[in-house]
Amino acid sequence: MCLAVPARVVEVLPEAMARIDAGGVLKDISVALVPEVAAGDYVIVHVGHALGRLDAEEAQHTLDLIAEMAAAGEACDER
Amino acid sequence: MCLAVPARVVEVLPEAMARIDAGGVLKDISVALVPEVAAGDYVIVHVGHALGRLDAEEAQHTLDLIAEMAAAGEACDER
Amino acid sequence: MSGDATDRFVAPFRDPELGRRLLGAIARAARPGRTYALMEFCGGHTHAIARHGLPDLLPAGVRLIHGPGCPVCVLPVGRLDMALALAARPEVILTTYGDLLRIPASGGDTLFKARSRGADVRMVTSSLDAVALAAAQPDRQVVFMAIGFETTTPPTAVAVKQAEERGLDNFSILSNHVLTPPAIDAILGGSGAPRLDGIIGPAHVSTVIGWGAYQDLAARHQTPMVIAGFEPLDVLQAVHDLIGQVNAGRAEVGNQYARAVSRDGNPAACALVEALFEPRPDFAWRGLGRLPRSGLKLRPAYARFDAEARFELTEPEGREPPGCACGEVLKGATEPADCPLFATRCRPESPVGACMVSAEGACAAAHGHRRAPAAAPA
Amino acid sequence: MSGDATDRFVAPFRDPELGRRLLGAIARAARPGRTYALMEFCGGHTHAIARHGLPDLLPAGVRLIHGPGCPVCVLPVGRLDMALALAARPEVILTTYGDLLRIPASGGDTLFKARSRGADVRMVTSSLDAVALAAAQPDRQVVFMAIGFETTTPPTAVAVKQAEERGLDNFSILSNHVLTPPAIDAILGGSGAPRLDGIIGPAHVSTVIGWGAYQDLAARHQTPMVIAGFEPLDVLQAVHDLIGQVNAGRAEVGNQYARAVSRDGNPAACALVEALFEPRPDFAWRGLGRLPRSGLKLRPAYARFDAEARFELTEPEGREPPGCACGEVLKGATEPADCPLFATRCRPESPVGACMVSAEGACAAAHGHRRAPAAAPA
Amino acid sequence: MAATMTPHGPPLDLTHGRVEMSHGAGGRAMAQLIDQLFAAAFANPLLAQGNDQAVFTPPPGRLALATDTYVIRPRRFPGGDIGSLAVHGTVNDLAMGGAEPLYLTAGFVLEEGLPLGELAAIVKSMAAAASAAGVAIVTGDTKVVEHGHGDGVYINTAGLGVIRDPGLDLSGANARPGDAVLVSGTLGDHGMAVMAEREGLAFDPPLLSDSAPLGGLVAALLAAVPETRTLRDPTRGGLAATLNELAAQSGVGMVLEEAALPIRPGVRGACELLGIEPVNVANEGKLVAIVPAARAEAALAALKAHPLGREAALIGHVTDDAARRVEMVTTLGGRRVIDWLAGEQLPRIC
Amino acid sequence: MAATMTPHGPPLDLTHGRVEMSHGAGGRAMAQLIDQLFAAAFANPLLAQGNDQAVFTPPPGRLALATDTYVIRPRRFPGGDIGSLAVHGTVNDLAMGGAEPLYLTAGFVLEEGLPLGELAAIVKSMAAAASAAGVAIVTGDTKVVEHGHGDGVYINTAGLGVIRDPGLDLSGANARPGDAVLVSGTLGDHGMAVMAEREGLAFDPPLLSDSAPLGGLVAALLAAVPETRTLRDPTRGGLAATLNELAAQSGVGMVLEEAALPIRPGVRGACELLGIEPVNVANEGKLVAIVPAARAEAALAALKAHPLGREAALIGHVTDDAARRVEMVTTLGGRRVIDWLAGEQLPRIC
Ligand code: SF4
Ligand code: SF4
Ligand SMILES: [Mg+2]
Ligand SMILES: [Mg+2]
Ligand SMILES: [Mg+2]
Ligand SMILES: [Mg+2]
Ligand SMILES: [Mg+2]
Ligand SMILES: [Mg+2]
Ligand SMILES: [Mg+2]
Ligand SMILES: [Mg+2]
Ligand SMILES: [Mg+2]
Ligand SMILES: [Mg+2]
């Protein structure tokens with residue numbers, strides 16, 4: 001039920017709709033819940049609606065944290 | 001459109017309907033147009049309705065007339 | 001007793017031996033060198049004549065001419081266009097007798113084509129089926145496309161009466177009921193029609209209205225008429241009788257079909273029709289034009305069952321199929337085979353005109369039942 | 001740029017090498033001999049864990065327990081019976097998300113079975129499809145069987161708003177929207193549930209309501225919670241973080257899913273839901289019983305879009321499937337494989353309970369994605 | 001369609017169960033339907049191969065291949081159902097080529113909502129008909145369409161048969177002027193039995209469809225009259241369509257005797273009532289045989305000696321009419337053309 | 001379906017005409033449809049025999065018989081239509097048995113109202129596909145059902161093929177523990193191309209159905225690796241259904257490597273969006289091959305050398321799991337069972 005996928009907004013359309021690209025798949029969805037969205041933004045898409053925006057920097061930050069955590073562990077192992 | 005077939009009334013049913021036998025075929029039809037009809041009567045059936053009663057004596061009379069007419073002709077021939 | 005109605009009322013009237021002798025009597029009665037132009041008014045007779053192969057058997061001087069007595073053949077295109085417009089409405093289920101489904105309307109459209117486009121068009125074999133459908137589908141509007149001569153009007157009247165009694169507010173009829181006497185009057189009095197020596201009169205129409213209904217016509221036009229059944233011996237006996245009247249210079253109404261027809265017909269049926277229907281000022285017939293007081297509509301008291309009132313319909317100017325000689329064929333002025341489209345562009349599987357569709361149509365009879373000339377391969 | 005959303009937000013969170021190293025870090029973090037009972041609340045997590053085969057990879061002491069976060073699994077049978085009653089009405093087109101069509105209602109009936117009996121039940125993939133259907137079929141009543149957590153409620157609200165703007169009088173919703181905090185509260189505070197060391201918190205629910213919504217719960221029950229995304233590295237990172245909190249004796253709300261979740265969520269979505277919906281006094285959850293203020297209905301101002309008001313529905317006492325342990329499974333009190341019907345009478349193609357139907361159901365996950373024991377041949 | 005040998009949950013509920021979309025989705029529900037219904041009823045070694053194709057070594061001789069789809073409504077009718085019809089119709093198309101049926105394929109299009117009990121009855125009837133006709137159903141397919149996109153069940157069968165006699169040629173192009181035209185029994189029984197169900201007609205005495213496999217009758221005829229020119233089963237379109245087809249194919253005409261046509265009183269009566277002609281009504285257990293005139297009596301005797309040919313009749317002869325007309329001498333001695341049906345008359349009789 | 005050689009009126013109106021009930025009534029309208037549409041497009045000597053059955057002398061070898069019905073919606077989809085699919089699906093079922101397709105039968109169920117122009121396009125596509133696959137459509141049948149009882153057109157085809165190599169045995173029962181499991185290309189292209197049409201999804205780059213005839217690919221594989229154990233086309237139910245079928249039939253298990261599965265990004269993306277798995281999505285131009293482990297590389301090379309196998313991959317191996325499970329090692333190194341689809345997911349994709 002809570003299935004949602006990341007997508008890039010390709011084009012904002014009239015009537016609070018937008019065309020998105022989710023992994024090479026193009027679809028028209030509602031952006032009524034993210035009124036400030038613009039082309040190029042990343043959003044999370046659920047049952048035909050953008051639920052919120054995705055933050056690419058936060059994604060990278062999370063990945064860095066994971067890498068650090070994993071590395072720290074391994075560093076410990078190496079000790 | 002004026003296709004109609006002779007049938008015998010097998011049974012008068014409620015609501016101005018009757019079961020008829022038309023050459024071995026049984027069907028329920030309306031007898032609303034021949035209110036006085038009774039089982040054993042012959043009727044002429046058109047688009048699911050009895051249109052009128054058939055008179056077996058008149059049928060025989062017509063056949064007799066035809067036979068006579070045909071015979072009269074042949075009698076003439078033989079002369 | 002099973003089958004005894006057939007044994008009494010059908011089989012003897014098809015008896016080959018009696019038929020052979022009756023044909024002999026006709027051959028003897030027909031005066032050599034004289035032509036007897038006899039019109040069978042009814043499509044039912046046209047069909048019977050073709051089905052039993054009678055034309056080949058009659059003497060050369062006896063010519064049978066097909067009349068306009070096929071209700072679907074005479075229905076003008078505009079009335080079919082009305083039915084098509086009704087059928088296109090999403091709330092409407094249009095019901096009608098099967099004969100009508102393939103008749104070409106304006107531009108060659110048909111109710112069958114409408115159905116294939118998604119319209120809800122259903123064939124019924126009885127007017128009461130339409131009423132039952134309305135009762136079963138209260139959220140739809142069931143329209144019965146009513147058509148036919150005096151034979152078929154009483155069953156429609158029973159249906160309307162039944163809808164009234166059952167309190168159905170979703171049943172109505174599109175009445176195309178027409179009357180035979182004005183048509184016969186037009187044929188006998190009109191221009192463009194051949195001179196007729198006699199008329200084989202309606203069978204089941206007369207069961208309802210009685211043979212007396214035609215007395216005035218026969219006298220006025222000095223043309224003999226014999227009411228006849230639809231079996232081959234019925235037709236042959238009527239032919240024999242008409243030849244006799246012609247030879248004797250008489251112009252009476254004979255009743256060959258006494259087993260089913262009386263002078264006054266079925267009074268209960270006539271009264272019911274009279275109570276529900278009234279003549280329109282005029283009604284258009286294919287081939288015969290607009291004939292005064294020749295069509296029936298529901299009386300104002302029954303207007304709620306009248307689809308023309310309920311759906312505010314007006315009869316459009318229909319476009320008759322270009323090149324089709326149906327109008328002339330229906331008057332007996334043209335033979336089907338003389339129509340340039342006959343058996344070439346107009347064929348039973350791709351009919352141009354109504355007369356090629358109905359089993360009682362003159363062109364269909366000519367194409368299907370007679371020894372038709374072979375068509376060129378496509 | 002095609003595919004770049006996947007490249008940034010999906011693929012790196014499935015990286016096998018990083019995953020292997022993260023699993024190593026978890027193994028090192030988990031104290032030998034200690035058990036970490038962690039509940040993934042969301043069905044989305046249950047699904048991801050099964051799909052990526054994570055349980056086999058975690059250290060023995062780390063136990064993942066499935067939570068009640070599958071909206072179709074927790075829906076009591078009585079609500080489905082209401083939907084079935086609606087679907088049986090001839091004027092109604094019942095629309096819903098595909099997940100719901102196979103869920104057994106009282107007596108094992110389903111919306112799919114209703115459809116096979118002729119009911120007009122249609123699957124939609126967006127709430128707006130239901131609105132579009134209502135606009136296209138003005139003569140039918142389109143009911144949207146709305147279901148889901150805080151994630152799915154805003155899309156329903158958009159649909160109702162759109163129906164209002166378009167002036168549709170044939171659109172309504174049967175709201176089964178429920179709230180996650182009361183369910184987590186019940187799990188952490190209730191009896192019959194296992195003692196939990198930590199909770200992997202909702203992903204997309206939190207996108208809408210923000211991670212701040214769970215702070216009070218974590219503190220009150222002294223149970224750490226980490227909001228996590230639905231990718232395998234998200235889940236593993238959350239597990240690592242929870243182990244760390246447990247080891248340190250902390251009970252905070254962590255936010256692993258920072259790329260999509262903020263403290264306050266999506267204010268526009270929250271405001272819209274607030275404007276249209278209000279909490280019901282209570283709402284029944286399968287397994288958890290009636291929880292106060294845990295379900296949403298439309299506010300009185302929107303009652304004309306509320307199918308319960310429009311069709312005067314009351315929630316019947318549904319009959320839960322006999323023998324099904326879903327209620328216990330949903331609380332984490334029973335493992336699916338310990339249900340006596342699991343993989344014998346209850347199978348994905350003939351499910352007894354909801355948990356065997358939904359792709360996010362614990363029993364379906366256990367049957368389909370794990371190394372299930374082979375069933376005996378029928 | 002082959003058995004999947006996969007374990008299933010509880011058996012199909014034939015009392016209350018209905019066909020659902022899942023039964024055609026290629027998953028467990030479909031596998032269960034196939035195993036418990038189709039594979040169980042049609043069981044034979046080739047089907048049990050369980051592959052996407054049945055593999056076999058053909059017997060010596062030429063082979064014949066035929067197909068028909070069955071969409072009849074109602075699905076059950078006096079004397080048969082869509083299942084038995086789907087076997088008879090196709091094995092008869094093989095038999096008309098002188099082929100002994102070997103194998104059938106079966107393709108089902110099921111409509112969501114069909115009661116599983118009714119499907120089981122149809123499948124059982126199909127299996128019984130196949131067994132009686134000596135043919136094995138060796139491979140198949142099941143599709144499910146949404147409610148409102150079918151009519152319960154449509155069945156396609158394709159049949160493979162062997163023609164053992166190397167000299168046999170029964171092509172419809174073989175009719176020659178002077179040949180005799182025979183029919184193996186009464187006309188229109190099937191079509192009228194089906195139509196009567198829809199039109200609310202009953203019969204006294206009852207009327208049954210003639211649906212039957214004709215392989216044995218053909219064998220008997222060919223044994224007695226190996227010179228037989230051609231055979232065809234007058235199904236959809238009735239005798240009129242079949243004779244017009246043969247006349248066109250052979251470039252000949254035909255003349256029938258109306259009085260010679262065998263027609264049951266009930267069929268004749270129903271035709272009068274409905275305004276149709278017995279020659280346009282479908283048969284499913286009759287054949288038309290054209291034989292050299294000199295062999296007409298032998299052919300008639302051979303047909304009459306077989307249980308399915310007891311009411312066989314010599315109904316006319318082939319002419320050299322270049323216009324390829326089929327004509328009929330009426331009982332009164334007139335003549336008329338027997339044409340194809342122009343449009344529709346008896347929808348869904350096969 | 002054979003040409004009737006009967007004269008007709010004006011030709012079919014392919015611009016405005018629609019299928020009417022009369023086109024299936026066995027009369028003139030039906031004869032015209034068959035002559036002008038089917039017989040014209042499928043023209044071949046056997047069809048031209050004009051009989052109820054096609055008669056031929058089979059080539060030496062064993063024969064294979066297969067059937068499928070095609071009810072796909074939409075009828076046209078990127079990369080094909082129901083006509084080409086109806087040829088590919090059935091010749092592929094023959095090819096999976098190592099049979100070279102010889103003849104097809106074709107049974108059409110047309111819904112009243114189908115535009116004749118669309119039917120003509122489908123028939124043309126079917127004829128082109130048959131010609132490309134080297135198979136002749138030799139007999140057929142046409143039924144028309146009322147509006148609301150079909151979905152435009154359903155097509156059944158049955159196929160007869162010949163297996164020329166007397167020693168070839170590709171039964172699904174032949175898989176042995178240790179064998180390699182290969183797939184001839186990317187998974188799910190057909191099912192997703194069809195589903196996307198219905199769900200309003202577009203693809204960048206565009207996604208086409210893989211629908212194609214596999215006879216040539218099979219011939220290339222068998223030439224290189226005659227020891228091939230078994231072949232099957234993973235159509236409805238996808239790879240998961242096919243492997244579970246083979247596992248059940250051979251009494252073995254299988255283990256796949258998730259990372260080895262060839263899946264186009266668009267298919268993967270659409271699966272994520274719709275919440276389905278590529279292993280459950282249908283293919284119509286792919287095969288699964290199971291070969292002895294020692295021949296895996298040769299088989300892969302043979303597949304990759306063929307235009308229809310360029311993206312072939314070795315995806316796993318056969319195990320001796322008595323529970324006949326198909327499992328997958330996930331990219332992270334976990335394991336899960338790859339089960340049949342439980343219910344419906346992609347209705348009407350074939
Ligand atoms: S042959 Fe056709 S076109 Fe000519 S008059 Fe008759 S119906 Fe009209
Ligand atoms: S296995 Fe089935 S019956 Fe048992 S708890 Fe799960 S859903 Fe309910
Ligand atoms: Mg008349
Ligand atoms: Mg969830
Ligand atoms: Mg056939
Ligand atoms: Mg046949
Ligand atoms: Mg045949
Ligand atoms: Mg199949
Ligand atoms: Mg197959
Ligand atoms: Mg196949
Ligand atoms: Mg296959
Ligand atoms: Mg056929």
Side-chain angles (χ1 to χ4, degrees), chain E residues 4-6 21-22 25-29 31 49-58 62-69 71 93-94 96-97 99 103 105 107 109 138-141 143 145 148-151 154 156 158 160 163 171-172 232 236-237 241 245 248-249 340-345 347, chain F residues 4-6 21-22 25-29 31 49-58 62-69 71 93-94 96-97 99 103 105 107 109 138-141 143 145 148-151 154 156 158 160 163 171-172 232 236-237 241 245 248-249 340-345 347:
Chain E
T4 57
M5 293 163 292
T6 303
M21 294 309 295
S22 61
R28 282 194 178 275
Q49 288 175 351
N51 296 316
D52 281 357
Q53 69 298 118
V55 174
F56 51 90
T57 301
R62 284 169 300 154
L63 298 179
L65 193 57
T67 193
D68 265 322
T69 309
V71 298
D93 275 348
L94 293 175
M96 296 306 112
Y103 304 123
T105 67
V109 176
V138 294
T139 190
D141 180 58
K143 293 293 186 301
V145 294
H149 287 287
D151 196 11
Y154 299 146
N156 174 283
L160 185 74
I163 303 172
S171 166
R232 194 154 293 177
R236 198 168 28 155
E245 245 178 68
Q249 213 177 333
W340 304 78
L341 209 59
E344 65 309 312
Q345 186 165 80
Chain F
T4 57
M5 293 162 291
T6 305
M21 293 309 296
S22 62
R28 282 193 178 273
Q49 288 174 351
N51 296 314
D52 281 356
Q53 69 297 116
V55 174
F56 51 89
T57 301
R62 285 169 300 153
L63 298 179
L65 193 56
T67 192
D68 265 322
T69 309
V71 299
D93 275 348
L94 293 175
M96 296 307 112
Y103 304 122
T105 68
V109 176
V138 294
T139 189
D141 180 58
K143 293 293 187 300
V145 295
H149 287 288
D151 195 10
Y154 298 146
N156 174 282
L160 185 74
I163 302 172
S171 166
R232 192 153 294 175
R236 199 168 27 156
E245 244 179 71
Q249 213 179 333
W340 304 78
L341 210 59
E344 65 309 311
Q345 186 165 81

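Being a predicted model, the structure only gives us computed values, none of them experimental. A note on names: the letters A, B, ... follow the listed sequences, proteins ahead of strands, and every chain is numbered from 1. Below, all heavy atoms of this structure are taken into account, side chains as well, without hydrogens, waters or symmetry copies.
Every side chain to side chain contact (heavy atoms under 4.5 Å, CB included) that Ala99(E) has, sequence neighbours left out, goes to Ala64(E), Leu94(E), Ile163(E). Taking the side chain to side chain donor-acceptor pair (under 3.5 Å) definition, one finds that Thr105(E) meets it with nothing, sequence neighbours left out.
Counting heavy-atom pairs under 4.5 Å between each of Ala241(F), Gly107(F), Ala158(F), Ser171(F) and chain E puts Ser171(F) at the top. No other option in Pro58(F), Gly150(F), Gly148(F), Gly237(F) has as many heavy-atom pairs under 4.5 Å with chain E as Gly150(F).
Contact of the Phe56(F) side chain with the Leu65(E) side chain is registered, since non-hydrogen atoms from C-beta on lie closer than 4.5 Å. Residues Tyr154(E) and Asn156(F) have side chains not in contact (no heavy-atom distance under 4.5 Å, counting atoms from C-beta outward). Looking only at side-chain heavy atoms (C-beta outward), Arg236(E) and Asp141(F) come within less than 4.5 Å of each other. Residues Asp52(E) and Asp68(F) are not in side-chain contact: their nearest non-hydrogen atoms beyond the backbone lie 4.5 Å or more apart. Counting only heavy atoms from C-beta outward, the side chains of Leu160(E) and Leu160(F) approach each other to under 4.5 Å.
Residues Val55(E) and Arg62(F) share a closest heavy-atom pair of CG1-NH1, 3.9 Å.
Distance alone, capped at 3.5 Å, is enough to place a donor-acceptor pair between the Asn51(E) side chain and the Gly172(F) backbone. In this structure a side-chain-to-backbone donor-acceptor pair under 3.5 Å is present from Lys143(E) to Thr69(F). Within the 3.5 Å criterion, the main-chain N or O of Asp93(E) finds a donor-acceptor partner in the side chain of Gln53(F).
Only the side chain of Val109(E) comes within less than 4.5 Å of a heavy atom of chain F; its backbone N, CA, C and O stay farther away. For a residue to count as touching a neighbouring chain, one of its non-hydrogen atoms must lie under 4.5 Å from one of that chain's; by this rule Val138(F) touches chain E with the side chain only.
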- Message: The test is side-chain contact (heavy atoms from CB on, under 4.5 Å); show your working for Leu63(F) and Leu63(E) and say whether it passes.
- Response: CA-CA 11 Å; Leu63(F) 298 179; Leu63(E) 298 179; 3.3 Å; yes
